[in-house]
Number of protein chains: 2
Amino acid sequence: MVLGVGDVYKALADPTRRAILDELAERDEQTLFELCARLISKHDLASSRQAVSQHLDVLEDAGLVTTRREGRYKFHHLDRRPLQRLAGRWLQLSEDREDHRDQCPGR
Amino acid sequence: MVLGVGDVYKALADPTRRAILDELAERDEQTLFELCARLISKHDLASSRQAVSQHLDVLEDAGLVTTRREGRYKFHHLDRRPLQRLAGRWLQLSEDREDHRDQCPGR
DNA sequence: TTGACATGCAAGCAGCTCCTTGCCTATGGT
DNA sequence: ACCATAGGCAAGGAGCTGCTTGCATGTCAA
């Protein structure tokens, strides 16, 4: 599936997903169940396993999270690169700025 | 109305609103009709006046746009400060990082 | 004052988002 | 083999989002 930059913005639009990113930033390579437990205990978020799993799918589609299977465990890794690209889109807007605008790589 | 940081993320989640920010970044203090015209001609977006107006409301609620009335004209100004606050939330995550996490200023 | 212009307000609607529910697959331990 | 564990898949629904439609308000020029 080919993805655009817009998916990153949409992925960041949900507070639960941002909390997941916070969690992975603090402790990388967590499994789904670990994330669920820590979201509850540290972020006061009562999200079901399926809900968190779907959020992780969105984050993975946006390229913000990559996964690695190991036996029956699946570890989630935070990839900061998509964030770096859009971090300063409207900030350093000098004459020689790069083009941050949305584009559709597919089609 | 008291707003949280999350509203900024939600405001950025829509491609039309990002195009509006692009437009205001390139040429500040535009009116609603100017923005409509330039969105069509420069960004290939066929948004109605009402649609753009509602997007501007969202951006203003998020603190990304401030307005100034002058007669029958209303000029829109891009405020980059909310962007600066959340730009590097997951980027410079060293031990002495500031807390970027979502919070609810109201209540 | 009359009319054109710039904007505001609100109801309604299609589509999407987030979540739940229920069941399924697969791996590892005993 | 058996069971517990970790995760996957898919349908359904409540609520939100973005847009349209129609009308109202307010400003300026003639």
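Note on naming: letters A, B, ... go to the chains in the order of the sequence lines (proteins, then strands), and numbering restarts at 1 for each one. Side-chain atoms are counted along with the backbone in the values below, which use heavy atoms only and exclude waters and symmetry mates.
- Contact between the side-chain N/O atoms of B:T16 and the OP1/OP2 oxygens of D:dG18 is not found at any separation under 4.0 Å.
- If you measure from atom CZ of A:F75 to atom C1' of D:dA6, you get 11 Å, rounded to the nearest angstrom.
- Rounded to whole Å, atom P of C:dC16 lies 14 Å from atom CG of A:D7.
- Considering only heavy atoms from C-beta on, B:D79 stays 4.5 Å or farther from B:V65 through its side chain.
- At the phosphate of D:dT20, neither OP1 nor OP2 sits under 4.0 Å from any side-chain N or O atom of B:R49.
- Computed from coordinates, the A:E34 CD to D:dA6 C1' distance equals 11 Å when rounded to whole Å.
- Judged by atom type and distance alone, B:Q50 does not reach the base of C:dT7 through any side-chain donor-acceptor pair under 3.5 Å.
- Between the CG atom of B:D57 and the P atom of C:dA6 there is a distance of 19 Å, rounded to whole Å.
- The side-chain heavy atoms of B:E70 and B:F75, taken from C-beta on, include a pair separated by under 4.5 Å.
- Within 4.0 Å (heavy atoms only), A:S53 reaches sugar-phosphate atoms of the nucleic acid but no base atom.
- The CG-P distance, from A:L56 to C:dC19, rounds to 12 Å in whole Å.
- Taking atom OH of B:Y9 as the reference point, atom P of C:dC18 lies 16 Å away to the nearest angstrom.
- Put simply, the side chain of B:S41 gets close to the backbone of B:A37: a donor and an acceptor are under 3.5 Å apart.
- Within the 4.5 Å cutoff, the side chain of A:E60 has no heavy atoms near those of the A:T66 side chain.
- A:H55 has a side-chain polar atom (N or O) that falls below the 4.0 Å cut-off from OP1 or OP2 of C:dC19.
- Side-chain atoms of A:R17 do not come within 3.5 Å of backbone N or O of A:L59 as any donor-acceptor pair.
- Put simply, A:S48 has no side-chain N or O that comes within less than 4.0 Å of OP1 or OP2 on C:dC19.
- Using a 4.5 Å heavy-atom threshold, the side chains of B:H76 and B:R68 count as separate.
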Short heteroatom pairs, N/O only, protein and nucleotides 28-30 of chain C, under 3.5 Å:
| from | atom 1 | to | atom 2 | distance (Å) |
| --- | --- | --- | --- | --- |
| C:dG28 | O4' | A:R72 | NE | 3.4 |

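- Between C:dG8 and B:K74, a contact under 4.0 Å exists linking OP1 or OP2 to a side-chain N or O.
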request  = Could you please spell out the steps behind the salt bridge (charged side-chain N to carboxylate O under 4.0 Å, His left out) verdict for A:D14 and B:K10?
outcome  = CA-CA 8 Å; A:D14 185 89; B:K10 288 212 168 177; over 6 Å; no

